[in-house]
Amino acid sequence: MFHSICKTLLHSRNRYTVTAHDPSMVVPSILRYFSIDADNRHSFTLSYLTETCGLSPKSALSASKIVQFKSSEQPDSVLSSFQKFGFSKIHISEMIRKFPKMLCCHPEKTIFPKLEFLLSRGASTPELVKIFTANPWILASSLENQLVHTLDILIELFKSEDKAIEAMKQNPRVLCTRPEARLLPNIKTLRENGVPESYILWLISKHWQCIGAIPVKFEKIVEEVKEMGFSPLKSHFVEAIVVLIRVSKSKRDGRVEVYKRWGWSDKDINITFKKFPKCMTYSEDNIRATMDFYVNKLGLESSVIVNCPTLLGYSLKKRLIPRGTVLQFLSSKGLVKLDSRITDMFICSEWRFLEKYVKCHVEAPHLIKLYDHKLNLSDTRKPGKHDE
């Protein structure tokens, strides 16, 4: 059979005339045939990925190691399917870059059912685009055994279909892993440690990367957080879990060293972390710049930050420097004192800041001009996480 195939292929390419008794010539020739065919497929695939799909040469080369095409018929059907649902070329290109195998999906069997399912469960077209662009791996999941099953479990957890769908839209990666593999074991661990259901649901809604961690790792981190003295009944318990999962130990150690350079002891750092776990999520450069502002620019003691660590969470450009400029002006006029009580100036809302520290002074016009100049961007006046 093999010899017959070889002979047919060779004759069809008009390269050699061989006999059934001359196999020594067949193998090199057929290998050359398949090699040429593979080269053609690879060349076509690269061209298609760059010219039609919009991938960069580097991304196209990487994707071509995973998928190969002889013609554009199959990938064209995939592109057309997503375009019908409002996906732009940029969105599709990003999806292909992340998950090249999507170009091999069958539109009627694999793509349309998943898109239509999510639309039927409340996802809008823009949300659909956002979900799949960020997580094209959903296409590799089973509709019934994965997507429908996961959403049913979320509905059971949230006791509300609307809340479950909202959680799914905020964290579409939840659809890429079976709940029994990570989600449910980690929920069990939290419940066994007395964590309130509201905090568990917060993790599911806001931090799927954490609640979806490998169970062995998750359980170890929960124990670590308990050993630090966090109470499972407080929100800081789950916030600390998020930090320890997202920030590697080496990065945390580096940030600890930065805090120590500002005179903090291990006890100070532990107190700060228990009050404000996010203090370990900021980069070393960010910590240095923020501490420099409070200590060197304003002359505050670094212990002031230990007592009120949320001060570390404000933007230098959008809040600290503009308000600090007003503070320094008022201090130069003897209108305020630079002591620990002045931290209220940075914590209070925009409205309260203007009323209490700007508009109440005769120098208000000058202060407002000074403040607006430092704000730089007009949209920085919009309420942020500390402005409610």
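Both backbone and side-chain heavy atoms feed into the values below; hydrogens, waters and symmetry mates do not. What you see is a predicted model, and the numbers here were worked out from it, not measured in a lab.
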Check this for me, if you would: do Glu284 and Lys251 make a salt bridge, where the nitrogen-to-carboxylate-oxygen distance has to be below 4.0 angstrom? no
Establish, yes or no, whether the cationic atom of Arg319 lies under 6.0 Å from the six-membered ring centre of Phe346 and within 45° of the ring axis. no
Under 3.5 Å, which donor-acceptor pairs do the side chains of residues 214-228 form with other protein atoms, sequence neighbours left out?
| residue | atom | partner | partner atom | Å |
| --- | --- | --- | --- | --- |
| Lys226 | NZ | Asn193 | OD1 | 2.8 |

Have Thr150 and Gln146 got a donor and an acceptor in their side chains that come within less than 3.5 Å? yes
Judged by modelled atom types alone, do Tyr48 and Asp76 share a side-chain donor-acceptor pair under 3.5 Å? yes
Charged N to carboxylate O below 4.0 Å: is that the case for Glu94 and Lys89? no
For atom NZ of Lys98, decide whether the heavy atoms of other residues, nucleotides or ligands shown that lie under 6.0 angstrom number more than 12. yes
Less than 4.5 Å apart, any side-chain heavy atom of Lys278 and any of Glu239? no
So, do His366 and Phe329 have ring centers that fall under 6.0 Å from each other? yes
With a 4.5 Å limit on heavy-atom distance, are the side chains of Glu355 and Cys360 in contact? no
Does atom CD1 of Ile90 have more than 12 heavy-atom neighbours, drawn from other residues, nucleotides or ligands, at distances under 6.0 Å? no
May I have all residue pairs that pass salt bridge (Lys or Arg N to Asp or Glu O under 4.0 Å) and include part of residues 167-184, sequence neighbours excluded? Glu127-Lys169, Glu166-Lys169, Arg178-Glu180
Assess the pair Phe273 and Phe230: is the distance between their ring centroids shorter than 6.0 Å? yes
